[in-house]
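Chain letters run A, B, ... following the sequence lines, proteins first, then strands; residues in each count from 1. Because only heavy atoms are used, hydrogens play no part in the values below, and waters and symmetry mates are left out as well, while side chains stay in.
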Number of protein chains: 2
Amino acid sequence: MVMATLRDLEVRHLVALDAVATEGTFGRAADKLGYTQSAISQQIASLERLIDGKLFDRPGGPRPVELTPLGERVLASARELLARVDSVGEELDRFRTGEVGRITVGTYQSVSARVLPLVVGRMRAEYPDVEIRVLESDNDDDLDAALGRGELDLSFVVGDWAGQFDSLPLFDDPFVLVARPGEYKRGAVRLSDLNGAAMVGQHANSCQLMNEMGLRAAGLEPNYVFRTNDNGTVSAMVKAGLGVAVMPMLCVDPDDPGIELHPLRPALPHRRIAVAWRKGRTLSPVAVRFVEIAGEVSQVFVDRPLPWATSAA
Amino acid sequence: MVMATLRDLEVRHLVALDAVATEGTFGRAADKLGYTQSAISQQIASLERLIDGKLFDRPGGPRPVELTPLGERVLASARELLARVDSVGEELDRFRTGEVGRITVGTYQSVSARVLPLVVGRMRAEYPDVEIRVLESDNDDDLDAALGRGELDLSFVVGDWAGQFDSLPLFDDPFVLVARPGEYKRGAVRLSDLNGAAMVGQHANSCQLMNEMGLRAAGLEPNYVFRTNDNGTVSAMVKAGLGVAVMPMLCVDPDDPGIELHPLRPALPHRRIAVAWRKGRTLSPVAVRFVEIAGEVSQVFVDRPLPWATSAA
DNA sequence: GATGGTCCATCAGCGTCGCTGATGTTGAAC
DNA sequence: GTTCAACATCAGCGACGCTGATGGACCATC
């Protein structure tokens, strides 16, 4: 016979207390709850042991029980707790359906500008009460680290991260040459034609490194005259005649008449855009839907016109 | 295999969830709580069945478990509930010690004026945070009814209520003659001397009826020229010469020089003052103390000087 | 790639707990 | 007194929860 404490409390006890207080007798409470009178009697006795005090006065004979002053106090707390438990249940249901929730997503400039608005728009339409937080960074490592630490639920990433993350590949984003209209003949440009050309690029990040490695692998030593991480500035510099740029196609505004895009020949290895999350981790329902939507809206980029068609428009 | 719902929730589940989330592994949580790892595993599994969703991602291998998004939500609610349960426990302790509580007491004019202040004063000194509510009524039936309905925790009553209530007798309050000083010789007055005297009395209530019955039993027909339920007004009318009054001694200000008190011979059956509560009902700790204190302070009235000594002072 | 270590899941065994159904007890009403 | 309507108690039993051991997954290390 060990000492019973509130840690042994069960919701069932509170339900029984409430029912007895409401119904007035153990028997009616038992009927209501689908137990026998004996069971209710034992449940209340057990609760009285936990509380360490009588909750009901039993007048004996055919008269109903009545709460003691202690019982009144406990009942008030019990009803409060029951209401809280119920509201937790409802909140969890809302969470499961995505009615409430929060999601934090990592992203970077080109995705922020071209992909994220499409996804966020559909998310807000489907789940108006879901809070969507976005962390944008120039630096892939920041996003990876934050994702690894669990600060991000999801992150857009470049490349495959099969080792560390689970991911859904969204689309391939080819490197294209950005030049002033007419500077090169329409259509593909040979890498060798870029030899010695003044180039505009980004500071060292995964795309830029991928890009430069591709160029060097083709035997040319790029001549960077300006670097910026702002994609708009890269295009602006090209327009201003500072040089040409090799950029992921997603980083360039396809409707900008001041520039012309050219496929490269041979093509550099394209970058693969994916949305990733920590390997093996369960996603919230909202996050799952976010990934689905990201996949759906990415069809736009899978099917997008090739650069020469665009510049020829 | 029946469907588990939140109604099957137990505090133990929440404690286990909290411990695992805090400790990071099932094993350490088990050590902390004095269970085996197996028990914790089963408790969490059981909770996951209740919640109908995984709460932890188990990476497998030597790495600790991590909360799923659902788990985070549930944990937050669990901690809130645990805190609430703890605070209920503390509140109940305070209730038991009388540190908090409320008591509603029925009373009537003479007790309000002479007895209650003594009791309330000591109660407030002992239990400064206990709320004391007082219902005063001219009409005994009101108090009895309110006590019977449970609206009062305690009530001062006149007479024995052995049938309906439990009670503690406090003291006996004799009926005395109230007259102007010198109107009667000091000391006892014969009932027969009151025959035909103009009298001031109360409206029909238990004391007044008791009083009149006693007079009639002694063979005299009282001649009431004025009735009021206000004890001060009775005395004032006596002082003004409207008549004499037969009153419970407690209803008269013993220090009032404008009146003189006389015992009656033969004495009328005195009224017995008691504090009563519903038969068989458990009293709150504060109410128990209230009754004790009422008994203690009533010693003043048990031992109080007889009327002729008072008026001779 | 084999090994050891550290996790959690699972299983069998078993004690305990909670429920049922029947019986005992109490007090009020007739 | 008898009856009735309450709750308490008891024996029995089934289910549940815990223990201790085992198994499986995964990582790190060699």
Side-chain angles (χ1 to χ4, degrees), chain A residues 1-2 4 7-13 15-17 19-21 23-50 54-68 71 148 163-164 166 278-282, chain B residues 1-4 7-13 15-17 19-21 23-50 54-68 71 148 162-164 166 278-282:
Chain A
M1 172 69 69
V2 297
R7 299 239 99 91
D8 297 314
L9 185 66
E10 308 181 10
V11 171
R12 166 165 31 100
H13 292 134
V15 173
L17 172 60
V20 173
E23 298 292 324
T25 76
F26 286 26
R28 277 201 296 278
D31 288 345
K32 180 173 164 185
L33 300 179
Y35 290 112
T36 61
Q37 173 264 320
S38 174
I40 294 297
S41 180
Q42 293 174 62
Q43 284 190 11
I44 297 294
S46 158
L47 182 56
E48 287 178 328
R49 241 176 291 123
L50 294 189
K54 282 250 169 284
L55 298 175
F56 290 99
D57 282 317
R58 286 84 155 166
R63 290 186 350 194
V65 296
E66 281 184 280
L67 286 163
T68 62
Q164 201 175 349
D166 286 339
R278 293 176 76 189
K279 195 174 187 63
R281 305 240 33 208
T282 302
Chain B
M1 172 68 69
V2 298
M3 179 67 178
R7 298 240 97 96
D8 298 313
L9 184 67
E10 308 181 10
V11 170
R12 165 167 33 101
H13 292 135
V15 173
L17 171 61
V20 173
E23 297 294 323
T25 76
F26 286 25
R28 276 201 298 278
D31 288 346
K32 179 173 165 187
L33 300 179
Y35 290 111
T36 61
Q37 172 264 320
S38 173
I40 294 298
S41 179
Q42 293 173 63
Q43 284 189 11
I44 297 295
S46 158
L47 182 56
E48 288 179 328
R49 243 176 289 122
L50 294 188
K54 283 250 169 281
L55 298 174
F56 290 99
D57 282 316
R58 286 83 156 169
R63 291 189 343 197
V65 296
E66 280 185 281
L67 287 164
T68 62
Q164 204 175 346
D166 285 339
R278 294 176 76 188
K279 195 175 187 63
R281 305 240 32 211
T282 303

- Between C:dA9, D:dC18, C:dT20, which one does the side chain of B:F26 approach most closely? C:dA9
- Message: Is it the case that the side chain of B:T68 and the backbone of A:T282 share a donor-acceptor pair, with hydrogens and angles ignored and the cut-off at 3.5 Å?
- Response: no
- Query: Can you find an N or O donor on one side and an acceptor on the other, under 3.5 Å apart, linking the side chain of A:T36 with the base of C:dG21?
  - Reply: no
- Assert: residue with more 5' nearest nucleotide on DNA chain C, out of A:R63 and A:A39, is A:A39
- With side chains defined as the heavy atoms from C-beta onward, is the minimum distance between A:D57 and A:V65 less than 4.5 Å? no
- Task: Identify which nucleotide among C:dC19, C:dG5, D:dA6 has an atom closest to any side-chain atom of B:P62, counting heavy atoms from C-beta outward.
- Result: C:dG5
- Check whether any side-chain nitrogen or oxygen of B:R58 sits under 4.0 Å from OP1 or OP2 of C:dC7, and answer yes or no. no
- Under 4.0 Å: is that the gap between some side-chain N or O of A:S41 and OP1 or OP2 of D:dC7? no
- Residues B:R58 and B:E48 bridged, charged N to O under 4.0 Å: yes
- Query: Does any N or O donor sit under 3.5 Å from an N or O acceptor when you compare the side chain of B:Q37 with the base of C:dT6?
  - Reply: no
- Measure from CD1 on A:I40 to P on D:dT9 and round the result to the nearest Å. 16 Å
- Looking only at N and O atoms, is any donor in the side chain of B:S38 or the base of C:dT10 less than 3.5 Å from an acceptor on the other one? yes
- For B:P64 and B:T25, the nearest pair of non-hydrogen atoms, with its separation, is CB-CG2, 4.0 Å
